[in-house]
Amino acid sequence: MNESPNPLPAPVTSVAPGVAVATLATPSSRPARRKPGGSNNVRRISRNLRAIRIGLTGLILLALLYTVAISKSLLVPLVLAAFIGLALNPIVAAAARWRIPRWLAAMVVMGLLGTGIVTAVGTLSEPALNWFHEAPAAMRAFAPKIKPMTQQIEAASRATQTLVGGTVSRVAAQPNSFSFTAWDIVATAPKIIASVLTVALLVFFFLVYGDEILRRAVEISPTFAYKRHTVSIVRSIQVEVSSYLLLTAAINVTLGLVTAAMLYLYGVPDPLLWGCFATVANFIPYVGAISTTTVLAVVGALHFQELGPALLPAATFAGITAVEGNMITPMLQGRRSRLSPVAILLWLLLWGWIWGIPGAILAVPMLTCVKLITARLRGWEWFAHIISR
């Protein structure tokens with residue numbers, strides 16, 4: 001008989017209770033061995049992909065900043081009109097609930113706003129031009145009052161240059177002519193008129209067709225969840241940004257009126273001009289208050305001979321802004337719209353560098369919108385948390 005050298009065990013059909021049975025493992029039932037270094041390769045690929053993603057994100061941000069910088073003349077009126085439209089939208093929406101057509105309510109609101117702006121410009125243009133024309137003489141009159149301080153600074157500068165072996169060069173000061181001509185006004189008038197008309201038309205169309213634009217955006221959303229999310233984001237931006245802008249404008253106008261009344265009591269000329277300057281400058285947090293305080297210190301020094309009365313308007317305004325910024329504004333706005341001071345300063349530096357003064361004025365409303373949007377976007381909640389106060 002020929003027997004196979006390695007006979008296979010016969011299958012077990014029945015097993016008595018309590019008897020241990022050993023089974024042979026087939027090749028298909030053995031666990032697969034991992035290749036050495038496989039997990040390291042996966043981690044290496046993941047790190048490379050993460051580095052590529054970070055690099056591409058940085059390039060996209062740089063390209064976006066460059067695009068925003070070169071398209072300043074287009075984007076500044078558009079963003080300004082969008083924020084003005086958001087601020088005025090609650091008034092038009094309230095009129096629409098009373099069955100008043102949106103176009104009629106928008107025309108009335110725009111007419112009242114335009115009348116107020118034209119009246120303010122017509123009232124303040126003459127004293128503003130007088131100050132510009134008298135600026136060289138005022139600076140010459142202001143120079144002797146700060147001469148003791150400048151002499152000390154010049155003496156320290158001469159001593160420093162002597163120590164380092166340098167020489168002090170004296171340059172004859174030439175008075176700068178600071179005046180406007182009729183040609184300057186004619187040359188700049190078309191650009192100003194075109195910019196004002198552009199912003200006015202954009203605000204009007206935003207007020208009239210804003211809800212229709214929202215409906216179109218909802219219609220193109222793919223699913224019902226996206227539609228609901230889009231409506232939630234847009235409605236929250238409309239409500240919160242509108243309330244923020246209206247409240248900020250009311251606070252700044254009140255601050256300007258209080259400043260004008262204070263300057264009138266102190267006998268400072270043209271108090272409405274400086275009150276209007278304080279209103280506009282206060283839209284720029286921190287920087288606006290510092291600028292207005294400095295301007296009022298210079299104005300007081302020009303019109304008062306003694307040091308105490310000269311610094312009194314600036315000191316009083318500093319106290320008013322301290323109360324407004326630390327008590328009134330936080331109490332009225334609440335914690336929902338409050339932003340981190342560090343985030344505000346960095347944002348002001350960024351947009352002031354990109355767009356100049358318009359960018360500094362629009363920086364905080366844009367940061368508020370960014371906070372509201374990122375707080376509702378999955379994966380971006382961390383950014384809203386960082387810029388919050």
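These values consider heavy atoms only, across backbone and side chains, with no hydrogens, waters or symmetry-generated copies. Every value quoted in this text rests on a predicted model; they were computed, and no experiment measured them.
Panel note: side chain Trp274, backbone Thr292; no donor-acceptor pair is recorded below 3.5 Å. With Arg102 contributing its side chain and Leu207 its backbone, the two residues share a donor-acceptor pair below 3.5 Å. In terms of modelled atom types and a separation under 3.5 Å, the side chain of Thr279 and the main chain of Asn252 share a donor-acceptor contact.
The cluster map of Ile, Leu, Val, Met, Phe, Trp and Tyr, joined by side-chain heavy atoms under 4.5 Å apart, puts Leu362 and Val68 in the same cluster. By the rule that hydrophobic residues join a cluster once side-chain heavy atoms approach within less than 4.5 Å of another member, Ile84 and Val280 end up as members of separate clusters. There is a path of hydrophobic side-chain contacts, each under 4.5 Å, that joins Ile373 to Met366. Residues Ile60 and Leu62 do not share a hydrophobic cluster, clusters being chains of Ile/Leu/Val/Met/Phe/Trp/Tyr side chains in contact below 4.5 Å. The same ILVMFWY cluster, assembled from side-chain heavy atoms under 4.5 Å apart, contains both Ile357 and Phe83.
The shortest distance between side-chain heavy atoms of Leu255 and Thr259 falls below 4.5 Å. In this structure the side chain of Trp347 never reaches within 4.5 angstrom of the side chain of Ile387, judged on heavy atoms.
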Practice task
Please lay out, stage by stage, how Val364 and Tyr244 fare under the test side chain to side chain contact (heavy atoms under 4.5 Å, CB included).
Solution key: CA-CA 10 Å; Val364 177; Tyr244 167 79; 2.7 Å; yes
Exercise for the section: Start with the C-alpha gap between Leu56 and Arg53, add the side-chain angles, then the distance that decides, and say whether side chain to side chain contact (heavy atoms under 4.5 Å, CB included) holds. Expected result: CA-CA 5 Å; Leu56 290 177; Arg53 190 184 304 113; 5.9 Å; no
Exercise for the section: List the steps, then state whether side chain to side chain contact (heavy atoms under 4.5 Å, CB included) holds for Val342 with Leu346. Expected result: CA-CA 6 Å; Val342 177; Leu346 293 177; 4.1 Å; yes
Practice task
Step by step, work out the side chain to side chain contact (heavy atoms under 4.5 Å, CB included) result for Phe383 and Val370.
Solution key: CA-CA 9 Å; Phe383 187 81; Val370 170; 3.5 Å; yes
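The two residues Pro271 and Ala260 make their nearest non-hydrogen contact at CB-O, 3.3 Å. Between Trp103 and Phe204, the shortest heavy-atom contact is O-CE1, 3.8 Å. Closest approach of Ala314 and Thr293 over heavy atoms only: CB-O, 3.5 Å. The two atoms that bring Pro285 and Phe283 nearest to each other are CD-O, 3.4 Å, heavy atoms only. What you find for Ala95 and Ala105 is that their closest heavy atoms are CB-CB, 3.6 Å.
Each of Val299, Val268, Val295 was evaluated against Pro313; a single residue qualifies, Val268, per the side-chain contact (heavy atoms from CB on, under 4.5 Å) test.
For the atom pair CG (Leu75) and CG (Leu80), the distance works out to 12.0 Å, reported to the nearest 0.5 Å. Between the CG atom in Asn89 and the CZ atom in Phe206 there is a gap of 11.5 Å [rounded to 0.5 Å]. To the nearest 0.5 angstrom, Asn282 atom CG is 8.5 Å from Ile251 atom CD1. Atoms CG and CG, on Leu88 and Leu246 in that order, are 7.0 Å from each other to the nearest 0.5 Å. For the atom pair Thr115 OG1 and Met110 CE, the distance stands at 10.5 Å (nearest 0.5 Å). To the nearest 0.5 Å, the span separating CG on Leu197 from CG on Leu202 amounts to 11.0 Å.
Heavy-atom contacts from other residues, nucleotides or ligands closer than 6.0 Å to OH of Tyr286 number more than 12. Few gaps surround CD on Glu381; more than 12 heavy atoms of other groups in view lie less than 6.0 Å from it.
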